[in-house]
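The structure is given below, and queries will be raised subsequently.
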Amino acid sequence: MTQTIQEMLQASSKGGGTSQKTIQYMDTVEAYNKWAEVYDTDGNFLQALDTLQLRDLLPQFLAKVSQSQPRQPRLVDLGCGTGRNTLQLLRLAPRDAEVIGLDASPGMLEAARAAVRKETLADTDERPRNVYLELFDLLRSPPAPPEASLGASGVVSTLVVEHIPLKEFFDAAAAILRPGGHLLVTNMHSEMGSISQAGFVDTTTGTKIRPTSYCHTVEDVLVAAERAGFEAEELEGQVVREAKVDENMVEVLGKRAQKWVGITVWFGICFRKRM
């Protein structure tokens with residue numbers, strides 16, 4: 001069984017620290033239901049970094065999707081959370097594209113629905129948008145994605161695989177994508193994951209809440225993807241894109257990034273499902 005970050009850190013501890021008293025580990029869906037209330041406002045620097053990286057990567061990814069399926073693409077935001085990238089897909093994809101956001105957390109989906117509703121109400125183009133948001137638990141085995149997501153030509157999944165064993169993640173992605181479809185994955189880098197993980201502070205109790213997380217290395221991800229029928233493709237001449245925090249980035253990413261200066265914290269990879 002894949003070892004969680006919590007188990008890894010406990011095994012490497014020589015007696016533990018007092019900070020553990022203020023940390024509560026809980027089921028991932030339960031944690032994200034709580035996190036949904038502050039997810040977009042709590043200063044998550046890794047989310048901010050991911051958004052910056054996707055400004056370059058997402059248009060390139062959509063260009064690949066367009067080359068393989070130029071008309072009426074079906075695009076899935078797998079683990080859509082509060083809809084951060086669901087909105088970007090709506091803004092960047094062709095008008096006739098179907099955009100489907102999937103998440104296991106009802107709290108996150110509620111926030112995503114509000115964000116999508118606000119986006120579509122502000123849209124001055126009278127042509128309707130095909131956007132759907134549905135529950136889907138990536139940990140369900142075998143994967144049973146909603147029917148509306150099947151046969152997708154492109155899947156985006158950002159900062160999600162940290163919470164999912166790799167086989168389950170890529171089995172689900174393979175079940176959703178049509179042959180020849182593309183998958184864009186971003187995640188916390190293992191250099192960061194070896195010493196920390198996702199989490200937030202419950203403002204009512206001051207307790208640090210942490211969901212289940214796994215420290216996946218880039219190599220682990222590449223191997224698991226290949227086994228599930230995917231092959232990595234280049235974006236901007238790179239198969240793997242990595243990001244390390246430096247002093248110049250702190251002002252942009254927020255003060256929580258300061259402690260991570262010099263650490264590689266993020267990576268992104270584009271895959272294609274084999275025919």
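Predicted model only: the values in this text are computed from it and were never measured. Note: hydrogens, waters and symmetry copies are ignored here, and every other heavy atom, side chains too, is used.
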Exercise. Is there a chain of hydrophobic side chains (I, L, V, M, F, W, Y, each step under 4.5 Å between heavy atoms) that links L222 to L183?
Worked result: yes
Exercise. Say you draw a straight line from CD of E134 to OG of S149; how long is it, rounded to the nearest 0.5 Å?
Worked result: 7.5 Å
Exercise. Taking a hydrophobic cluster as the set of Ile, Leu, Val, Met, Phe, Trp and Tyr residues connected by side-chain heavy atoms closer than 4.5 Å, whether directly or through intermediates, do V156 and L166 fall within one such cluster?
Worked result: no
Exercise. Hey, does the side chain of N85 reach the backbone of Q88 with a donor-acceptor pair shorter than 3.5 angstrom?
Worked result: no
Exercise. Atom CG of L109 and atom OH of Y32: how far apart are they, to the nearest 0.5 Å?
Worked result: 13.5 Å
For this session: Might you point out which heavy atoms bring E191 and G262 nearest each other, and give the distance in Å?
Result: OE2-O, 4.0 Å
Exercise. Parallel, tilted or perpendicular: which describes the rings of W35 and F200, with under 30° parallel and over 60° perpendicular?
Worked result: parallel
For this session: Verify whether the ring centers belonging to H216 and F169 lie closer than 6.0 Å.
Result: no
Problem set entry | Electrostatic pair E119-R91, nearest N-O below 4.0 angstrom | yes
Problem set entry | Q6 and R210 side chains, donor-acceptor separation under 3.5 Å | no
Exercise. Can you find a pair of side-chain heavy atoms, one from N187 and one from V221, that are under 4.5 Å apart?
Worked result: no
Problem set entry | Worked verdict on I164 versus L139 for side chain to side chain contact (heavy atoms under 4.5 Å, CB included) | CA-CA 7 Å; I164 313 294; L139 292 173; 4.0 Å; yes
Exercise. How about E251: does its CD atom have over 12 heavy atoms from other parts shown lying under 6.0 Å from it?
Worked result: no
For this session: Identify whether I195 and Y214 are in the same connected component of the hydrophobic contact network (ILVMFWY, side-chain heavy atoms under 4.5 Å).
Result: no
Exercise. So do the side chains of L87 and V116 get within less than 4.5 Å of each other, counting heavy atoms only?
Worked result: yes
Exercise. Can you check whether E233's main-chain N or O pairs, donor with acceptor, with R272's side chain at less than 3.5 Å?
Worked result: no
Exercise. In Å and rounded to the nearest 0.5 Å, what is the CD to SG distance from Q238 to C270?
Worked result: 12.5 Å
For this session: Could you pull out the closest heavy-atom pair between G81 and A112, with the gap in Å?
Result: O-CB, 3.4 Å
For this session: Identify whether F271 and F61 are in the same connected component of the hydrophobic contact network (ILVMFWY, side-chain heavy atoms under 4.5 Å).
Result: no
Problem set entry | Heavy-atom check, side chain of L52 versus side chain of L253, under 4.5 Å | yes
Exercise. Ignoring hydrogens and geometry, is there a side-chain-to-backbone donor-acceptor pair from E7 to T4 under 3.5 Å?
Worked result: yes
Exercise. From K208 NZ over to I23 CD1, what is the distance, rounded to the nearest 0.5 angstrom?
Worked result: 8.0 Å
For this session: Applying side chain to side chain donor-acceptor pair (under 3.5 Å) between R84 and each of D77, D50, D40, report the one that passes.
Result: D50
For this session: Could you check K244, E242, E162 and say which one makes a side chain to side chain donor-acceptor pair (under 3.5 Å) with H189?
Result: E242
Exercise. Mind checking whether W266 and L159 have side chains closer than 4.5 Å, heavy atoms only?
Worked result: yes
Exercise. Do I100 and P146 have side chains that get closer than 4.5 Å, going by heavy atoms?
Worked result: no
Exercise. How many angstroms lie between atom CD of Q67 and atom NZ of K64, to the nearest 0.5 angstrom?
Worked result: 6.5 Å
Problem set entry | Sequence neighbours excluded, every pair satisfying ring-ring contact (aromatic ring centres under 6.0 Å, His included) that has a member inside residues 136-158 | none
Exercise. Do you know the tightest heavy-atom contact between L135 and A104?
Worked result: CD2-O, 3.7 Å
For this session: Could you grab the distance from atom CD1 of I209 to atom OG1 of T22, nearest 0.5 Å is fine?
Result: 10.0 Å
For this session: State, yes or no, whether a side-chain contact exists between L102 and I176 at a heavy-atom distance under 4.5 Å.
Result: yes
Problem set entry | S196 (side chain) donor-acceptor with G193 (main chain) under 3.5 angstrom | no
Exercise. Under 6.0 Å from the CZ atom of R227, do we count more than 12 heavy atoms belonging to anything else shown?
Worked result: no
For this session: Please work out whether the ring planes of W260 and F45 are parallel, tilted or perpendicular, with thresholds of 30° and 60°.
Result: parallel
Exercise. Just by modelled atom types, is the P211 backbone N or O under 3.5 Å from a matching donor or acceptor in the Q197 side chain?
Worked result: yes
Problem set entry | Under 3.5 Å: donor-acceptor pair, side chain of S157, backbone of V160 | no
Problem set entry | Closest contact, heavy atoms only, R256 versus D42 | NH1-O, 2.7 Å
For this session: Dump the intermediate steps for side chain to side chain contact (heavy atoms under 4.5 Å, CB included) on L235 and D56, then the final yes or no.
Result: CA-CA 9 Å; L235 289 177; D56 293 331; over 6 Å; no
For this session: Verify, without hydrogens or angle tests, whether K273 (side chain) and R178 (backbone) share a donor-acceptor contact under 3.5 angstrom.
Result: no
Exercise. Is T186 close to Q53 at the side-chain level, that is, under 4.5 Å between some pair of heavy atoms?
Worked result: no
Exercise. Heavy atoms, side chains only, cut-off 4.5 Å: are L89 and L58 in contact?
Worked result: yes
Seminar exercise, completed: Heavy-atom closest pair (M8 atom, C215 atom, distance to 0.1 Å) is CE-CB, 4.1 Å
Exercise. Is the backbone of S190 close enough, under 3.5 Å, to the side chain of T217 for a donor and an acceptor to pair up by distance?
Worked result: no
Problem set entry | Shortest non-hydrogen separation from G101 to T86 and the atoms involved | CA-OG1, 4.4 Å
Exercise. Are V155 and V99 in one and the same hydrophobic cluster, where Ile, Leu, Val, Met, Phe, Trp and Tyr link if side-chain heavy atoms are under 4.5 Å apart?
Worked result: no
Exercise. Would you say S66's side chain and L62's backbone share a donor-acceptor pair under 3.5 angstrom?
Worked result: no
Exercise. Is a side-chain N or O of H163 found less than 3.5 angstrom from the main chain of T212, in a donor-acceptor match?
Worked result: yes
